[in-house]
Amino acid sequence: VSGSAPACEPPPLLVINEVDADQPSTDTGEFIEIANTGGSSADLNGLRLVLYNGATDLVYSTTVLANVMLAAGDYYVVCYGPNASAYCDQTGVGGSIQNGNPDGIRLTSADGSVIIDQMSYGGLPMITTEGSSAPVDPGTAGLGVARVPDGSDTDDNSVDFIVNCITPGASNIAADSDNDGTADCLDVCPGGPEPGTPCEDNNANTGNDVIQANCLCEGVPIDCEGTPGGAELPGTDCDDLDPNTADDVWGMDCVCAGV
């Protein structure tokens, strides 16, 4: 036979791409994102998304995926609990996603005989772990665990997944627009240190200086005994150790004196 060989599309390749299992207080935004990183459409019909309890390695939820052809490079988001966001393509069964330490997820064929992809999160190994476990979801609004670079799969969950800003239904990008070391979704103080970071406010009368919620560096007053944030402030009671005086108070010059 002569002539050119027929062009063949690369096969579909499905991965568990992003997970948000934990939010502050009541979990209302849980989801699992599946990505097709291959070169052709993938038939999701009947595939199983199976959730495992890391303490027992037992299944606590199985969702059968809908009759969907997932295009190459596209994403399919299964939401759990009360999450009914616009990005949800399907609602998973079994209530909420467990929060980790560890817990796991497995994507299988319709009969369960073929493991298409699997991962665990929470730092400890379990039945669904590839390599070492992905980090635990911190439970912070806007954060989950995601493959970065998007769709990367080295068969080691600890290498492939990082804590990242959630992007359900879109590419995972570790965005830090101002290159200050803080992800954009958490960047309260763009271009500078974040609230709670130690700093120096150049005020000799304060101590324990930290960046505040307004992004300014401020400390707490140092009291008359040299303690930052202490209670021995001018105008408060003290003891001048003089038995001939009473009503001792700290003066503005931090001298304790009575009358």
Side-chain angles (χ1 to χ4, degrees), residues 13-38 47-63 65 75-81 83 92-109 112-176 181-183 185-186:
L13 181 60
L14 298 175
V15 296
I16 299 161
N17 200 46
E18 185 177 14
V19 181
D20 190 1
D22 194 12
Q23 297 85 49
S25 187
T26 303
D27 292 345
T28 58
E30 298 178 335
F31 70 86
I32 299 170
E33 178 190 82
I34 298 167
N36 179 4
T37 64
L47 300 186
R48 297 182 181 185
L49 192 59
V50 187
L51 310 187
Y52 284 80
N53 183 326
T56 61
D57 281 342
L58 296 178
V59 174
Y60 69 90
S61 170
T62 300
T63 297
L65 299 188
Y75 306 90
Y76 190 78
V77 180
V78 180
C79 294
Y80 288 81
N83 190 0
V93 301
S96 295
I97 307 173
Q98 294 182 359
N99 289 344
N101 203 26
D103 288 304
I105 305 168
R106 182 174 282 173
L107 179 65
T108 76
S109 58
S113 64
V114 177
I115 298 173
I116 299 170
D117 191 33
Q118 60 182 358
M119 60 87 70
S120 68
Y121 52 96
L124 299 174
M126 57 171 292
I127 193 172
T128 63
T129 304
E130 292 184 351
S132 299
S133 185
V136 69
D137 187 324
T140 302
L143 287 182
V145 292
R147 292 184 187 270
V148 176
D150 186 62
S152 60
D153 189 3
T154 67
D155 293 327
D156 188 333
N157 299 154
S158 68
V159 173
D160 297 332
F161 288 88
I162 65 170
V163 174
N164 197 52
C165 301
I166 59 171
T167 57
S171 178
N172 301 332
I173 300 174
D176 179 13
T182 302
C185 67
L186 298 177

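Only a predicted model underlies this, so the values are computations on that prediction, with no experimental measurement involved. Residues take their numbers from the sequence shown, with the count starting at 1.
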Between T128 and S120, does the side chain to side chain donor-acceptor pair (under 3.5 Å) criterion hold? Intermediate values first, please. CA-CA 6 Å; T128 63; S120 68; 4.7 Å; no
So, the side chain of [X] versus the backbone of [Y]: is there a donor-acceptor pair under 3.5 Å, distance only?
X: T62; Y: V50; result: no
X: E130; Y: M119; result: no
X: T37; Y: L13; result: yes
X: D57; Y: I127; result: yes
X: T63; Y: G92; result: no
X: D137; Y: G144; result: no
X: D156; Y: S132; result: yes

Considering non-hydrogen atoms only, spot the tightest contact between [X] and [Y] and give its length.
X: D20; Y: G29; result: OD2-O, 4.0 Å
X: I105; Y: V19; result: CD1-CG2, 3.6 Å
X: C185; Y: L143; result: SG-CD2, 3.7 Å

Heavy atoms, side chains only, cut-off 4.5 Å: are [X] and [Y] in contact?
X: L47; Y: I34; value: no
X: Y80; Y: I32; value: yes
X: L51; Y: Q98; value: no
X: L49; Y: Y76; value: no
X: L107; Y: L65; value: yes
X: D150; Y: Y75; value: yes

Going by the rule salt bridge (charged side-chain N to carboxylate O under 4.0 Å, His left out), which residues pair with D117 if we only count those two or more places apart in sequence or in a different chain?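 Testing D117 for salt bridge (charged side-chain N to carboxylate O under 4.0 Å, His left out), a comparison that skips the adjacent residues, returns R147.
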Side chains of E30 and N83: donor-acceptor distance under 3.5 Å anywhere?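 Distance-only check fails for E30 and N83.
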